[in-house]
Amino acid sequence: MLDRVLLRNEPDKVREAAENKGEPCPIDEWLELDEKRHQLLTETEDLRKRRNELSKEVSSLKREGIKADGQIIESRDIGKRIGSIEKDLNVTYTRMSELELYFPNIPDTDVPIGRDETSNQIVKTVGEKPSFDHAPLPHWEILGGLLDQEASGSIAGSNFILLRGWAAWLQRTLISWMMDFNFRAGMEEIWLPFIANRESMTSTGQIPKLEYDMYHIEKDDLFLVPTGEVPLTNIYRDSILQEKDLPIKIFGYSPCFRREAGSYGKDTRGLNRVHQFEKVEMVRMVKPDNSEASLTEMTYHVGNMLELLGLSYRVSLLSTGDLSFAAAKCYDFEVWSAGQEKWLEVSSVSNFRDFQSRRGMIRYKPSGGGKPRYVHTLNGSGLALPRIMAALIENGQTESGKVALPKILAERTGIKVLG
RNA sequence: GGAGAGGUGGCCGAGUAUGGCUUAAGGCGUACGCCUGCUAAGCGUAUGAGAUUAUAUCUCCGAGGGUUCAAAUCCCUCCCUCUCCGCCA
């Protein structure tokens, strides 16, 4: 959500941001309503003021045992007028709040302007792509029956994952390693609910824009979380923190549920795009001045993880057209997948500035006193499992169809080769 | 699922029976000042949030409705928390 003062005073900025992000922008309707609201508000406040005065008069007259019929009649009349204006005001206000949920966040000034991912800026590329004496296979061929699509299909449907044997073991091992890595980096570990209510989904920005892509439990109006970002960020919804509590650095594991409606046929083989994937997510709440530095710090952290796993990767600064609705700036991490010969996105690290905190009313009280301020929120995957699995399996494959584990996992588990 | 008790400012907590001198007591915490020869104690002052029309006004006591001249207080609906019972990994 954007600041109302900004909407009111700099509508052009809002318009431009929406256009660069390729989002609709109902700012003109909003501005009209804002003016109307202002008028109605002034009117009711004057009336209320008068009614409060009358109330006091009635109360003191009654205490002295004097009749106050005149005041009561006037007040009754005012009450009716307030009632009718308020109805109008409510309609106006409700519509404005609705519209406000559709204004996308404004990209930072250093975000490249562009229509889609072709305008993303590759910031750096790290590590060597592995070379092979044989033609490397895609992960689904190496996995074979260990990726049991017949079973997952009959249990849930297409594009759900069922892993067997060492593939299942590898996933569990990776989750555990990632959790430990983040834990040792000093973040607080959180175990989360994997279901979130409508308010939570709205405050992080998945609703209303992406509601159709969420799994919804109608009976209870609850949603399966599309990312750990939702429960992690909403821990602090509607709260006022102390400045000394910041920065808050938390992480947690969650499965991520996405309907992926409308993405049929695109990159859907194997583990590339599925309805439920596992992810370890990091979230931070920081003072506004520190969010830029925090973003940088988080990208280093993610880069470290990929390097430890021995994966070559590249980092892109997303252009406005590829930037998500709620983000102000985002770096994507992609690892090289030798069997498919392409880059796979495994982490997004984003700064949301005060966009989510305003929706979710996450604030802090400055230690020098003064009004509560919105925190800045950031999040990043550390890391998303299926594509890490795919890359590790493809990049570590041997000619005999086995998979060599990266050193960090081999040392951790005592197992060097899978298969 | 059943029964009961609750939800009041950053936190704790009074106020609800009897609607109006509540602009929500008091405490904790925080900030500033004083005192103090020492990371303490004491004293004083300030301190809920939001809105624009800003030395002011209005709104907000879980959410939404209703009754009333007037609602934290009465009525209705819903949500959440706790305790006990039931069911269950």
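These figures come from a predicted structure and were not determined experimentally. Labels below follow one simple rule: chain letters A, B, ... track the order of the sequence lines, proteins then strands, and each chain is numbered from 1.
Atom CD in Glu45(A) sits roughly 13 Å away from atom P in A51(B) (whole-Å rounding). The nearest whole Å value for the distance from the CZ atom in Arg373(A) to the P atom in G10(B) is 18 Å. Here U59(B) presents its C1' atom at 9 Å from CG of Leu41(A), a figure rounded to the nearest Å. The interatomic distance linking Tyr364(A) (OH) with C11(B) (C1') rounds to 20 Å, in whole Å. Rounded to a whole Å, the CD atom of Gln242(A) is 10 Å from the P atom of G10(B). Taking atom CZ of residue Arg51(A) and atom C1' of nucleotide A71(B), one finds them 11 Å apart after rounding to whole Å. As a whole-Å value, the separation of Arg48(A) CZ from C60(B) P is 7 Å.
Using a 4.0 Å heavy-atom criterion, one finds that Lys371(A) contacts the sugar-phosphate atoms exclusively.
More than 12 heavy atoms of other residues, nucleotides or ligands sit less than 6.0 Å from atom CZ of Arg50(A). Within 6.0 Å of CD on Glu35(A) lie no more than 12 heavy atoms contributed by other residues, nucleotides or ligands.
For C11(B), the paired nucleotide is G27(B), the pair qualifying as Watson-Crick or G-U wobble because both relevant distances are below 3.5 Å. The partner of G33(B) is C43(B), by the rule that a Watson-Crick or G-U pair needs both atom distances under 3.5 Å. In this entry U83(B) has A3(B) as its Watson-Crick or G-U wobble partner, both defining distances falling under 3.5 Å. Nucleotide G19(B) has no partner under the Watson-Crick or G-U criteria, as no pair reaches both atom distances under 3.5 Å.
For Tyr313(A) and Trp343(A), the ring centers are positioned 6.0 Å apart or more.
Salt-bridge formation is detected for the pair Asp12(A)/Arg15(A): a Lys NZ or Arg NE/NH1/NH2 atom is positioned less than 4.0 Å from an Asp or Glu carboxylate oxygen.
The phosphate of U52(B) (OP1 or OP2) has no side-chain N or O of Arg4(A) nearer than 4.0 angstrom.
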